[in-house]
Amino acid sequence: MVRVRIAPSPTGSLHVGNARTALFNYLFARQNQGTFIIRMEDTDEARSSRESETSMLQDFQWMKMDSDEGPLQGGNFGPYRQTERLGLYNKYTQLLLNNNKAYPCFCSAEHIQEQREQKRSNNQPYRYDRACANLDADTVAKRIEQGESYAVRLRTTQEHVVVHDIIRGDIQFETDSFRDFIIVRPDGMPVYNYVVAMDDHLMEITHVIRGDDHISNTPKQVLVYEALGFPLPKFAHIPMILGKDQAKLSKRHGDTTVANFKEKGFLQEALINYLALLSWSPKTEREFFTMDELIQEFKLESVSKSAAVFDVEKLKWMNGNYIRQMEPNEYYKRTLDFVRASELFANGHISEKDIADEERFTKILLTVRDNLETLMDVGQYLQPFFTMPGLTKGINAELSTEAKEILELPTSKDVLEGFLGELKRVSNENNADGNPDSDTYIDAQTYKGLTKIVQKSSGAKGKALFMTIRVGISGEHKGPDMAELVSLLSVGSMIDRLRYTIANRL
RNA sequence: GUCCCCAUCGUCUAGUCAGGUCUAGGACACCGGCCUUUCACGCCGAUAACAGGGGUUCGAAUCCCCUUGGGGGCACCA
C-alpha cells in the first residue's frame, strides 16, 4: 500500500515549487491506489500561522489535489500538524538515551558557535569535537540534577551512509561532517531532521518524494531511522524549479504562488499540466494532459535529474489553449469572477444586469476569447463593447502607440468620416423618425457593404481601412473580429465613438 | 572552503541505461509567410543545442576520466 505525503510549512501561500512536489506525490499516490497525505510542518512558530495553513489548503483544493488525510479531515495517523505531535517524540528520545544511541550534550550553543566560526575562518570544515560523547553516567546524572541544560545528540557510529534514491540511484555520504548531530534542543524542542523521520515512520509513509534541496538532509534521517530500528521508506528527490536567472525560484522572481496564478486568470488545468511537464516528460511529443491522464502516464522513475526553469510564456500559451477549448457555458461561468474584478465593472460600465443577460454576454465573451492568454485579460478586451477610452469617465484616455500610428495614416480622416456618414445613412433608413438610437444594429453583411463604400470613397484598403475603423470605434489596435464587434454595438454608440475620435484624436 | 547533485536549441524537453537508424526530433518564445481586404486565432516555414578536453571503440550526444559551469546543503530553521 503506497502512502505519500506533502509536508509544507504554513508560512505563506502555496509556492509553485511545493505545488509541483505535491503534484508528483499526488499522481504517484493515485496511480497506485495509494494515500495522499498533507502534513503541516508548523513548528517554526514565528513564521507559521493558521491563516497560511488555511490558504494553502485552499490552494490544494483549487489545484484539485484532494488529500486523503490531513489537518482538516484527520485520519488514523494524526494529528497532522507537527506542533500537535510534539508529545509523541519523547519516548523515542528516552529510548535512544537508554540504548546509548544518543547522549546529553552540555556544550553551550555559544561555545559551539565559536568553534564553528573559528573553523570557518580557517577554511576548515567544522565537526563536533564530541566533548560530551563519553561522559560517565554518574557525571551526567549529577549535572542534570543540578539543572544544567543539555541538548541531545545522536551518536554516529558508521563512517558513511548510502541513500538509495529512485531517481538518482545510490548516493554516498561521509558522516564525518555532521556526526553526532543534535536531535533535541535544550528547551526540549526536537529538531527537524529527527522529527520528519519519526513522523514519516509513524504515518507509515512508504515513499518520501520531495525536492532535491533535501538530499543532504537524507543521510541524517537515515541515521535516525536506523537508530530507532525503523524500516526505511523509499526516497525520490525531484529537481528544483528555477527562475529565469537559474536560481531557485523564490518570491523575488515575482509571481510564484498558486494563488498568484489563480488571481491572474490561469486555469487549474493549465497550471497542473504545465507543472507536470517540468522535469518530467511522457517521452512522446504529446503535451496536453488532464489530471486523470497524468495519473495514467506519470512515471516517477522517469523524472529527470536536472532542474527546470519556470517559463511563464509557455504557461500562458498552454492556458490560452485551455481557455479556447472550454465549453461556452463553462467559459462564461469561469470568466465572471474576472469580469467582476475588472476596472470596467468597478466603474459601473459593466453591470450585474449585463452579466445576467447570459446569451448576449456569452456571445460577447466568445468574440474576445481568441485574444485571451489568461481569464484576467477579459477586462481589457471587453472594453470596446461597453465603453471607449476617453469617451467615458474613469477610463484611461491614452491611446497605445500602435493605435496612434494608425490614426496618423493619411487616409484616416476620410475613412472615419466616410464610415460615420454611412452609419448615419443606414440608421436613418432604419428609423422612421430619422434619429439614430441605441436600438439599431447592423449585421456583419451590412458592415462589409459599408466598408466597400468607404474603401472607394477614401481610397484606403486592407490594414489602413480596417485598422482605422477599429481604432476609431474601439480606441484599441487589437481585439475581436471587426464584423462581430460591429454587429454587437448599436449604431448610435458607434456614431458617438466615431465623432469623439474625429474631434479629439485626429 | 567543504559535501552532494546536475549539464542537448534562449526556455521546456526526446534521444543517454541496452553506442551506429541523430546531417540530433518536438514544444514555447523570436523571425518570415499564408489565411482574414484588419490585430488575434489557425496553418506553413526559417534560425537555433550535444559545455570543453582527454580516453575506450571500426563508430560516442550516448561509456570512462579530468576540467569548466550551474545549483543545493553544510544550524540548537523547516
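Every chain is numbered from 1 and lettered A, B, ... according to where its sequence line falls, protein lines coming before strand lines. Computed from a predicted structure; not experimentally measured.
As judged by a 4.0 angstrom heavy-atom cut-off over every strand, A:S149 is placed among residues making no nucleic acid contact. A:D187 comes within contact range of no nucleotide atom at all, as no heavy-atom separation falls under 4.0 Å. The residue A:Q172 sits close only to the backbone: its heavy atoms come under 4.0 Å of sugar-phosphate atoms, none of a base. Among the protein residues, A:R168 comes within range of the sugar-phosphate backbone only, with heavy atoms under 4.0 Å from sugar or phosphate atoms but none that close to a base. Note on A:F173: only backbone sugar-phosphate atoms sit closer than 4.0 angstrom, heavy atoms only; bases stay farther off.
With C1' as the reference atom, B:G19 and B:G55 are 15 Å apart, rounded to whole Å.
Residues passing the side chain to side chain contact (heavy atoms under 4.5 Å, CB included) test with A:E117 are A:Q113, sequence neighbours excluded. For A:D170, there are no salt bridge (Lys or Arg N to Asp or Glu O under 4.0 Å) partners at least two apart in sequence or on another chain. Residues satisfying the ring-ring contact (aromatic ring centres under 6.0 Å, His included) test with A:H207, not counting sequence neighbours, are A:F28. Partners of A:F288 according to the ring-ring contact (aromatic ring centres under 6.0 Å, His included) rule, which considers only residues two or more places apart in sequence or in another chain, are A:W317, A:Y322.
Between A:I502 and A:K413 the shortest side-chain heavy-atom distance does not fall below 4.5 Å.
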Scoring nucleotides 32-50 of chain B by protein non-hydrogen atoms under 4.0 Å (B base, S sugar-phosphate only, - none) yields -----BBBBSS--------
The contact string for nucleotides 7-13 of chain B, one letter per nucleotide 5' to 3', using protein heavy atoms under 4.0 Å with B, S and - for base, sugar-phosphate only and none, comes out as S---SBS
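Contact between A:V368 and A:Y381 at its shortest, heavy atoms only, is CG1-O, 3.6 Å.
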